[in-house]
Amino acid sequence: MIRTLIFGAIAGYVGKKLYDEGKLTEFKDDIIARYGEAKAKLAEQRIEGDSSTAPLVSPSTSPTAPLTH
């Protein structure tokens, strides 16, 4: 527990220093740009997937008749 508190204090101190120096805004902008690219790529994959003949329900989850003995 003491290690967690010490690590949290160090992380908080370093994080505050980075925030005060404005270095976290570059990181935030990079994350936002990557998120936008991933979102666009996912949308393209969904559009391409709609034209395929893939079943809506997979065979492993589709209802089946109970087995009779």
Side-chain angles (χ1 to χ4, degrees):
M1 182 173 154
I2 297 295
R3 284 185 288 171
T4 303
L5 292 174
I6 292 170
F7 179 76
I10 292 170
Y13 178 77
V14 171
K16 173 114 173 62
K17 292 278 274 183
L18 290 173
Y19 178 78
D20 290 343
E21 293 173 6
K23 292 184 179 177
L24 294 181
T25 55
E26 296 172 17
F27 177 74
K28 181 188 83 164
D29 294 342
D30 183 50
I31 293 293
I32 290 172
R34 289 179 189 223
Y35 174 74
E37 291 172 7
K39 190 174 177 182
K41 186 175 180 181
L42 183 61
E44 290 175 9
Q45 289 177 349
R46 285 185 179 160
I47 290 171
E48 291 173 1
D50 288 344
S51 63
S52 68
T53 58
L56 295 175
V57 177
S58 69
S60 63
T61 59
S62 63
T64 59
L67 297 175
T68 57
H69 295 285

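These numbers come from a predicted model, not from an experiment. Sequential numbering from 1 along the given sequence is applied to the chain's residues.
Linking ILVMFWY side-chain heavy atoms closer than 4.5 Å, directly or via other members, places Ile10 and Leu5 in two distinct hydrophobic clusters. Put simply, Tyr19 and Val14 are part of the same group of oily side chains (I, L, V, M, F, W, Y) that touch within less than 4.5 Å, one to the next.
None of Glu44, Lys39, Arg46 except one satisfies the side chain to side chain contact (heavy atoms under 4.5 Å, CB included) rule with Leu42; the exception is Arg46.
One finds the CD1 atom of Ile32 at 12.5 Å from the CD atom of Glu37 (value rounded to the nearest 0.5 Å). Taking CG of Leu24 as the reference point, atom CG of Asp29 lies at 11.0 Å (rounded to 0.5 Å).
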